[in-house]
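Note on naming: letters A, B, ... go to the chains in the order of the sequence lines (proteins, then strands), and numbering restarts at 1 for each one.
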There are 2 protein chains.
Amino acid sequence: MAKNDLLGVFEQLVLLALVQLDDQGYGVSVCRAVEERTGRKVTLGAVYATLDRLERKGYVRSRVGEPTAERGGRAKRLFRVEAAGLKSLRHSLETVERMRAGMALGRLRPEGA
Amino acid sequence: MAKNDLLGVFEQLVLLALVQLDDQGYGVSVCRAVEERTGRKVTLGAVYATLDRLERKGYVRSRVGEPTAERGGRAKRLFRVEAAGLKSLRHSLETVERMRAGMALGRLRPEGA
DNA sequence: TCCCTATGCCCTACAATGTAGAACATATTA
DNA sequence: TAATATGTTCTACATTGTAGGGCATAGGGA
């Protein structure tokens with residue numbers, strides 16, 4: 001735990017996905033959500049590793065859900081975001097925002113050079 | 001160079017600082033800019049390491065400026081953001097933005113729980 | 001019953017980023 | 001030429017990011 005703990009970009013994406021999945025997210029669904037929204041290729045390994053780290057920090061909490069009878073398969077491990085996680089996410093988002101504020105955004109838009 | 005290169009948070013902060021400093025930024029001024037805007041404690045070592053990495057990736061370019069006669073001291077190494085850097089910055093910022101879009105921001109604002 | 005397939009999870013290993021702090025360099029002033 | 005102000009460079013290590021393979025469990029059909 002660093003002194004100035006800021007979340008990494010991927011941690012932010014995962015947390016945001018969980019919020020959108022309304023605390024019913026699990027590995028695979030988080031992976032899909034991030035891929036769809038951002039257009040990036042995301043591997044499951046990356047998602048689980050991040051989820052574990054977030055849980056170790058107390059930012060999310062997981063529980064094993066009953067297996068839904070969709071087609072079969074293993075039970076899901078559902079994740080929910082804790083208050084501390086939300087707080088940290090907000091803080092991280094706002095830090096970049098603050099840095100961006102008052103900036104000549106012209107240069108940051110479309111094809112400015 | 002990862003396949004899906006997204007900039008890290010600190011890289012974004014440094015790049016944003018350079019934009020604000022209008023391509024006249026150098027180690028110390030970037031450090032100060034980030035500290036002032038974000039309120040975080042930032043060390044010079046972190047800034048230079050990041051600046052070097054960004055340069056290696058072709059996102060910024062540096063040149064040694066003539067020493068201004070303020071009080072003495074070493075010549076500054078001035079950095080400017082390259083087009084590729086701007087593009088990458090934009091892309092990174094937008095990725096998080098997209099993930100955030102359409103979200104029930106209520107939970108992300110003030111003290112929502 | 002036994003496989004095959006669909007879901008989903010866990011683990012290992014390594015690359016890239018983030019962070020700290022000390023050492024080094026250079027110009028000014030006295 | 002020593003003291004000081006400004007800036008940069010180097011070393012080392014912690015945290016995050018990413019890839020990929022293997023394990024586990026349930027349904028469906030031969």
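Listed pair B:K41 / C:dG21 fails the phosphate criterion, with no side-chain N or O lying under 4.0 Å from OP1 or OP2. Regarding contacts with the backbone of C:dA16, every side-chain N or O of B:R56 stays at 4.0 angstrom or more from both OP1 and OP2. Of the side-chain N and O atoms in A:K76, none sit less than 4.0 angstrom from OP1 or OP2 of D:dA24.
Of all heavy-atom pairs between A:V9 and B:Q12, the closest is CG2-NE2, 3.8 Å.
With respect to the salt-bridge test (charged N to carboxylate O, under 4.0 angstrom), the residues A:E11 and A:K57 qualify. A salt bridge does not link B:R53 with B:E55: every distance from a Lys NZ or Arg NE/NH1/NH2 to an Asp or Glu carboxylate oxygen is 4.0 Å or more.
Remark: P of C:dA16 and CG of B:L54 are 14 Å apart, rounded to the nearest angstrom. Straight-line distance from the OH atom of B:Y59 to the C1' atom of C:dA16: 13 Å, rounded to whole Å. A:Q12 places its CD atom 15 Å from the C1' atom of D:dT15, with the value rounded to the nearest Å. The distance from atom CD of A:E11 to atom C1' of C:dA16 is 14 Å, rounded to the nearest whole Å. Atom CD of B:E55 and atom P of C:dA16 are 18 Å apart (whole Å). Between the P atom of C:dT19 and the CD atom of B:E35 lies a distance of 12 Å, rounded to the nearest Å. Remark: P of C:dA20 and CG of A:L6 are 11 Å apart, rounded to the nearest angstrom. One can place OH of A:Y26 at 12 Å from C1' of C:dA6, the figure rounded to the nearest angstrom.
For A:R77 and A:S62, the side-chain atoms include at least one donor-acceptor pair closer than 3.5 Å.
Across D:dG7, C:dA20, C:dG18, the shortest atom-to-atom separation from the side chain of B:V28 is found for D:dG7. Comparing D:dT18, C:dT19, C:dT17 against the side chain of A:A46 picks out D:dT18 as the nearest.
Taking the side-chain hydrogen bond (donor to acceptor under 3.5 Å, both in side chains) definition, one finds that B:Q24 meets it with nothing, sequence neighbours left out.
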Listing time: all N or O pairs from protein to nucleotides 2-5 of chain D that are below 3.5 Å?
{"unit_1": "D:dT4", "atom_1": "O2", "unit_2": "B:R71", "atom_2": "NH2", "d": "3.4"}

Protein-nucleic acid N or O pairs under 3.5 Å, nucleotides 10-13 of chain D:
none

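Across the interface with DNA chain D, nearest-nucleotide mapping of A:L7 and B:G27 shows B:G27 to be the residue nearer the 5′ end.
B:F79 places none of its side-chain heavy atoms less than 4.5 Å from the side chain of B:V14. Counting heavy atoms from C-beta on, the side chains of B:R80 and B:V60 never come closer than 4.5 Å.
Atom CG of B:L44 sits about 9.5 Å away from atom CZ of B:R32, to the nearest 0.5 Å.
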Between A:F10 and A:V47, is the side-chain contact (heavy atoms from CB on, under 4.5 Å) condition met? List the steps.
CA-CA 9 Å; A:F10 197 62; A:V47 172; 4.3 Å; yes
